[in-house]
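Let me begin by presenting the structure, written as structure tokens, before commenting on it.
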Amino acid sequence: MNKSTIAAALLAGVAAAPLHAQRATENALQAAEDAFGTSIGRENIGLYGSDDVRGFSAVDAGNVRLEDLYFDPVTLPSSLLRSTTTIRVGIAAQGFAFPAPSGVVDIRLRRPAADPGRSLFASTDTFGFLVSEATADVRLSPRLGAALGAGAYREAYGNGTTDWIASGSATFEWKPSDSLEVVPFFSYLAMREAQSPPDYITSGEYLPPRVPRLLFTGPDWAENSRNRFNFGTIVKWQEGGWRLRAGIFRSVSNAPASFANLYLDVTPDSTASQLIVTDPPARNGSTSGELRLDRAFGSGDVRHTFTLSLRGRLRERLFGGSQFVDLGRIVIGAPQPAPRPAPAFGAQDLNQIRQGTIAAGYAFSWRGGVDFNLGLQKTAYRQRAVPGNGAALVGRASPVLLTATGSVRLGERLSAYASYAEGLEDSGAAPGSATNRNAPLPASRTRQYDIGLRWKLKPGLSLIVGAYDLSRPYFQFDPQGAFSQLGSTANRGIEVSLSGAITPRLDVVGGAIIGDSRVRGPAVEAGLVGTEAVGRPDRRFNLAVDWRPPVAEGVTLSAGVRAQSSVVATSSNVVRVPARAVFDAGVRYGFRLGDVPAQARLSATNLANTFGWDVFGSGVYGFIDARAVQLSLGVDF
């Protein structure tokens, strides 16, 4: 569990006529179209997040879209810049011309409201987390507006680590004519004094012992710092049957100081060898964008749309040169003062990725309830790795990729959908606990089928039941501790989503996954790894409800549960993390502060104070957060 899940416990809101943008009363539950994953402002809800879609990271895979356009983020934009972030899988991905096998992270920018307005938000919790945010919508003319935001944060987490953050954002919306729109944007985030969270790594076939929470025992000097930028410009033009969309984006994350805090060879008696890994200044930047032209034909009941798209990106990373500081054998939970060593870094590695894609698509739509999309993509991928002490290595791929989606209305309330997608997706980088720490992983050929039904039980309430089959390479720790490809996975499952208003006073977002992730390949045949994928529960269940009692106007009560089955924790499949369920609850009260709307919120996560482990890789663990209580106040004026 992380800080976003603490905010996600505030699931319900007060339905009120908006004066302005109403950021103070943002509500992920009411904004969610399904249970697959929705973020709005500080709240998150649903089965999936941007780094976990059907068992994989859609961000690492390169499947992010910003206002429908291809975007390769090194770091996601600040929540101050984003109005919503939605995970698009199954029927929710049908509207994309070129859907991706691992799902799509669909980001929408916060746009200036029609009327000027401002919002203030502040919160604190029992971990010591402090939030202060201010946003403003400014109208410079009827055709030019700006959405501005600033935030200051003292973050505190359940593992005892803290950091300080300052953030700012701006989105400008200029409409020189009714057919043309230009949207420049910018966001910046500076993180300082960020203590390194611990990873617990076992060398045997057992789970780590229960360890103290809310207690940081790393050396004081092991503090990370980051400078993160996202900026770009989007242009949209439409005239008659023609539509042009273009975007150019830059995403940067520079790391003046980086540390990893590793507890190696953790034993059942709570001892470990503590290793601090420190890196010299590193940088990671990507320039990406898309030019897309649509031409629509037809009128009345039938519409045909032809699409031509050009996408590209250039990403460059400087990393490596790590220095290893061995603090020796320690007792977990005991303070470990240690002098800061003199820098002794090695040569750094350079990694460059260039990728260009040309795509053509055709869409057919019949008002009677039939939609079909067909896409063909030709991509050229080149990765150049330059080790600090070696010769450059170059990898290339240039596949042709096919995508097809379709849906049909079977009745007034029932629809069926199906899709097929091929992709060439990034695999991210090796985690900090691997012997090849931060090393880029090769691009992966992926394939996905899915099929399902959506039933509108009544206006505003929908049930989705679907099945998927996703195949892609399997990366995990090998016996030497390197993170590398050990085979491939066949990831299959059934997804269920129920979302909407059950009654005028009762809203629900509930989702479930019943799946199976199997590993195959030479490593399995040789007995080096088991047949089950590490870190992927076969069953997950999330349910969140809010209720507005008729006897207390302005009050909303919320409750939630997040449960999962046991999880394979080692490549051998011998060790499993037990199943767990975590319960949350909250209340929010909408009222008027003078003449302006305000909302106070109180929430509690992990009510039973359950202890559990998350699996970050074979034999690599981090514990979930303890019970936390959060209090917040938002005001729109």
Side-chain angles (χ1 to χ4, degrees), residues 33-34 63-71 86 88-101 103-104 106-108 175 177-183 234-247 289-312 356-379 399-424 447-454 456 462 464 466 468:
E33 300 172 0
D34 53 47
N63 298 336
V64 179
R65 304 291 180 265
L66 181 59
E67 297 282 334
D68 288 329
L69 295 169
Y70 174 73
F71 174 42
T86 307
R88 303 292 186 183
V89 294
I91 196 169
Q94 293 278 309
F96 287 91
F98 309 103
V104 172
D106 179 20
I107 298 176
R108 302 289 163 169
K175 296 182 178 180
S177 69
D178 291 341
S179 58
L180 179 63
E181 177 183 73
V182 181
V183 184
I234 296 169
V235 177
K236 295 183 179 181
W237 170 82
Q238 186 167 347
E239 193 76 52
W242 292 94
R243 183 170 61 167
L244 177 70
R245 284 168 288 179
E290 180 177 6
L291 175 65
R292 186 187 303 177
L293 180 65
D294 296 329
R295 180 67 169 102
F297 299 91
S299 59
D301 292 340
V302 177
R303 187 175 181 85
H304 307 270
T305 304
F306 295 89
T307 299
L308 181 64
S309 169
L310 297 174
R311 298 176 181 171
T357 302
I358 182 170
Y362 166 73
F364 170 85
S365 179
W366 176 49
R367 190 176 297 175
V370 176
D371 292 281
F372 174 75
N373 286 269
L374 182 67
L376 196 64
Q377 304 175 74
K378 173 65 175 179
T379 188
V400 175
L401 307 171
L402 175 68
T403 60
T405 68
S407 64
V408 58
R409 189 186 308 156
L410 303 177
E412 185 178 350
R413 296 183 177 180
L414 185 64
S415 299
Y417 67 91
S419 71
Y420 173 77
E422 298 173 340
L424 181 71
R447 173 200 53 76
Q448 180 175 279
Y449 304 88
D450 65 9
I451 188 170
L453 297 169
R454 179 173 62 187
K456 295 183 178 179
S462 294
I464 300 172
Y468 63 88

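Values below: all heavy atoms of this structure, side chains included; hydrogens, waters and symmetry mates excluded.
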Which heavy atom of A246 sits nearest a heavy atom of L291, and at what distance?
-> CB-CD1, 3.8 Å

Evaluate whether atom CG of D178 has more than 12 neighbouring non-hydrogen atoms of other residues, nucleotides or ligands under 6.0 angstrom away.
-> no

dist I91:CD1 -> I451:CD1 (nearest 0.5 Å) comes out at 11.5 Å

Just how far is it from atom CZ of F71 to atom CG of N63, taken to the nearest 0.5 Å?
-> 13.5 Å

How far does CG of L310 sit from CD1 of I358, to the nearest 0.5 angstrom?
-> 5.0 Å

What heavy-atom pair brings Y417 and G466 nearest, and what distance separates the two atoms?
-> OH-CA, 3.5 Å

For R447, what residues pass the salt bridge (charged side-chain N to carboxylate O under 4.0 Å, His left out) criterion, not counting sequence neighbours?
-> D469

Between the CZ atom in R454 and the OG atom in S462, the distance rounded to the nearest 0.5 Å is 6.0 Å

Considering residues at least two apart in sequence or located in another chain, which fulfil the salt bridge (charged side-chain N to carboxylate O under 4.0 Å, His left out) criterion with E33?
-> R88

Could you please spell out the steps behind the side chain to side chain contact (heavy atoms under 4.5 Å, CB included) verdict for T307 and R292?
-> CA-CA 7 Å; T307 299; R292 186 187 303 177; 3.6 Å; yes

For residues 369-378, tabulate all N or O donor-acceptor pairs below 3.5 Å that involve a side-chain atom, not counting sequence neighbours.
residue: D371; atom: OD1; partner: S365; partner atom: OG; Å: 2.9
residue: K378; atom: NZ; partner: S398; partner atom: O; Å: 2.7

Non-neighbouring partners of R409 that pass side chain to side chain contact (heavy atoms under 4.5 Å, CB included), sequence neighbours left out | S415

Within the side chain of E67, is there an N or O that forms a donor-acceptor pair under 3.5 Å with the backbone of R108?
-> no

Nearest atoms (heavy-atom pairs only) where P99 meets A93 | CB-O, 4.1 Å

One should read off an interatomic distance between R311 CZ and Y70 OH, to the nearest 0.5 angstrom, of 8.0 Å

For R65, all residues meeting salt bridge (charged side-chain N to carboxylate O under 4.0 Å, His left out), sequence neighbours excluded | none

Can a donor-acceptor pair be found between the side chains of S419 and T405 at a distance below 3.5 Å?
-> no

E290 side chain vs G312 backbone, donor-acceptor pair below 3.5 Å = no

Check whether more than 12 heavy atoms from other residues, nucleotides or ligands sit under 6.0 Å from atom CH2 of W366, and answer yes or no.
-> no

Parallel, tilted or perpendicular: which describes the rings of F306 and F297, with under 30° parallel and over 60° perpendicular?
-> perpendicular

Stepwise, does the side chain to side chain contact (heavy atoms under 4.5 Å, CB included) test hold for I107 with V64?
-> CA-CA 8 Å; I107 298 176; V64 179; 3.8 Å; yes

Between L293 and W242, is any pair of side-chain heavy atoms under 4.5 Å apart?
-> yes

Would you check, one step at a time, whether the test side chain to side chain contact (heavy atoms under 4.5 Å, CB included) holds for T403 with F96?
-> CA-CA 10 Å; T403 60; F96 287 91; over 6 Å; no

So, for F98 and S309, which heavy atoms are closest and what is the spacing to 0.1 Å?
-> CE1-CB, 3.9 Å

Write down the atom of R303, the atom of G298, and the distance for their closest heavy-atom approach.
-> NH1-O, 4.4 Å

CG on L410 to CG on L453, rounded to 0.5 Å = 7.0 Å

Indicate the atoms forming the closest heavy-atom contact of D450 with G90, along with that distance.
-> OD2-CA, 3.3 Å

Test side chain to side chain contact (heavy atoms under 4.5 Å, CB included) applied to S179 and K236, E239, R243, the passing residue = E239

Using salt bridge (charged side-chain N to carboxylate O under 4.0 Å, His left out) as the criterion, list what pairs up with R245, not counting sequence neighbours.
-> D68, D294

